[in-house]
Amino acid sequence: MLNKYARAFFSAIFRPLAQLLLRLGISPDVVTIVGTLGVSFGALWFYPRGEFLVGTLFITAFVFSDMLDGNMARLSGRSSVWGAYLDSTLDRVGDAAIFGGLVLYFAGQGDNFLMACLALACLVLGSVVSYAKARAEGLGMEANVGIAERADRLVAVLVTTGLTGLFDLPYIVLTIVLALLAVASFITVLQRMLMVRRQALGKALAN
């Protein structure tokens with residue numbers, strides 16, 4: 001949902017920065033890689049130490065590279081299959097690092113087995129959500145449905161984790177959000193599987 005309504009807005013905001021980076025000779029691929037490294041470092045360094053606010057702010061500073069690199073590619077006319085592949089692949093790395101950082105904290109210093117399990121469930125199911133779409137497209141079908149796309153999951157976990165660190169919120173708030181994200185991700189996987197099944201059965205009947 002956020003992809004639909006927010007991407008155009010943020011693309012307009014980041015357009016001047018994208019133009020500046022292109023004038024400096026920086027390629028979209030470099031921005032993609034630096035952004036992923038920043039997100040991964042912030043998530044795996046700060047979150048396992050319980051520094052949720054600092055970690056979230058650090059991650060947020062890099063997470064917008066996902067929109068910046070695409071903006072740069074369009075402005076330069078260098079949109080390519082390789083760029084799209086690199087961006088999608090490294091998105092999975094960054095997402096896994098965010099939830100992985102939470103898993104490490106709650107399995108260690110945070111000492112909360114339930115939250116560690118929920119964060120792990122979000123990590124696994126989030127990857128399956130992305131795989132379900134990619135595999136469908138690889139088979140010549142579409143799987144663009146779902147109530148929990150990447151942007152929705154990312155905003156929900158970052159905002160809640162950041163607020164937990166800022167206001168020292170009780171963990172029950174983050175627990176509820178992680179549980180909802182896990183359920184929503186599971187539903188999204190089912191939605192995409194059913195969509196692909198309908199297309200596959202339709203092709204079979206047509207043949």
Side-chain angles (χ1 to χ4, degrees), residues 1-4 6-7 10 28-29 31-49 51-70 83-107 110 115-138 143-165 174-192:
M1 290 183 287
L2 290 176
N3 276 337
K4 180 179 179 181
R7 186 167 291 275
F10 283 108
D29 288 352
V31 173
T32 301
I33 294 170
V34 170
T36 302
L37 290 175
V39 168
S40 299
F41 175 81
L44 296 175
W45 178 260
F46 294 109
Y47 280 1
R49 298 151 62 97
E51 299 175 7
F52 290 162
L53 177 59
V54 176
T56 298
L57 293 175
F58 191 95
I59 291 167
T60 302
F62 287 93
V63 80
F64 285 109
S65 65
D66 184 48
M67 295 182 183
L68 183 59
D69 56 6
Y85 173 81
L86 179 68
D87 184 57
S88 295
T89 301
L90 294 188
D91 280 349
R92 307 290 83 75
V93 174
D95 294 355
I98 291 171
F99 287 105
L102 293 175
V103 172
L104 290 173
Y105 174 74
F106 289 113
M115 293 192 71
C117 290
L118 289 174
L120 181 59
C122 288
L123 190 163
V124 173
L125 289 169
S127 297
V128 178
V129 167
S130 299
Y131 177 79
K133 180 179 178 180
R135 183 57 177 156
E137 292 174 346
N144 295 321
V145 296
I147 62 173
E149 295 186 342
R150 177 178 184 261
D152 303 311
R153 300 193 305 272
L154 204 58
V155 169
V157 70
L158 288 177
V159 168
T160 308
T161 304
L163 290 177
T164 298
L174 186 55
T175 300
I176 292 172
V177 170
L178 289 175
L180 291 174
L181 283 178
V183 171
S185 297
F186 180 73
I187 292 173
T188 299
V189 171
L190 291 180
Q191 288 177 302
R192 294 185 171 182

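Side chains included, hydrogens not; waters and symmetry mates left out as well; all remaining heavy atoms used.
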Here the pair of heavy atoms bringing Leu181 nearest to Cys122 is CB-SG, 3.8 Å
As a quick check of understanding, evaluate side-chain contact (heavy atoms from CB on, under 4.5 Å) for Gln191 and Val129, giving each step before the final call. CA-CA 10 Å; Gln191 288 177 302; Val129 167; over 6 Å; no
Gap separating the CZ atom of Arg92 from the CZ atom of Arg150, nearest 0.5 angstrom: 6.0 Å
So which atom in Gly35 and which in Ser65 form the shortest heavy-atom distance, rounded to 0.1 Å? CA-OG, 3.3 Å
Interatomic distance, CD1@Ile98 vs CZ@Arg153, rounded to 0.5 Å, equals 10.5 Å
Could you measure the distance from the CD1 atom of Ile176 to the OG1 atom of Thr160? Nearest 0.5 Å is fine. 10.0 Å
Where is the tightest heavy-atom contact between Thr60 and Thr56, given as atom of each residue plus distance? OG1-O, 2.7 Å
Minimum side-chain heavy-atom gap Met115-Leu102 below 4.5 Å: no
Heavy-atom side-chain contact between Val128 and Arg135 under 4.5 Å: no
Pairwise distance CZ(Phe62) to OG(Ser40) - rounded to 0.5 angstrom: 10.5 Å
Can you name the nearest heavy-atom pair linking Asn144 to Glu137, along with the distance? OD1-OE2, 4.1 Å
Roughly how far apart are Phe99 CZ and Thr161 OG1, rounded to 0.5 Å? 8.0 Å
To the nearest 0.5 Å, how far apart are CG in Asp95 and OG in Ser127? 7.5 Å
Which heavy atom in Thr188 sits nearest to a heavy atom in Val145, and how many Å separate them? CG2-O, 4.0 Å
Measuring centre to centre across the rings, with the benzene-like ring taken for any Trp, is Tyr47 within less than 6.0 Å of Phe52? yes
Do Arg192 side-chain atoms and Ala143 backbone N/O form a donor-acceptor pair below 3.5 Å? yes
Show, in sequence, the C-alpha distance, side-chain angles and deciding distance for Leu158 and Ile59, and conclude whether the side-chain contact (heavy atoms from CB on, under 4.5 Å) test is met. CA-CA 8 Å; Leu158 288 177; Ile59 291 167; 3.9 Å; yes
Within a reach of under 6.0 Å around CZ of Phe41, are more than 12 heavy atoms found that belong to other residues, nucleotides or ligands? yes
Only residue of Asp87, Asp69, Thr36 satisfying side chain to side chain contact (heavy atoms under 4.5 Å, CB included) with Val31 is Asp69
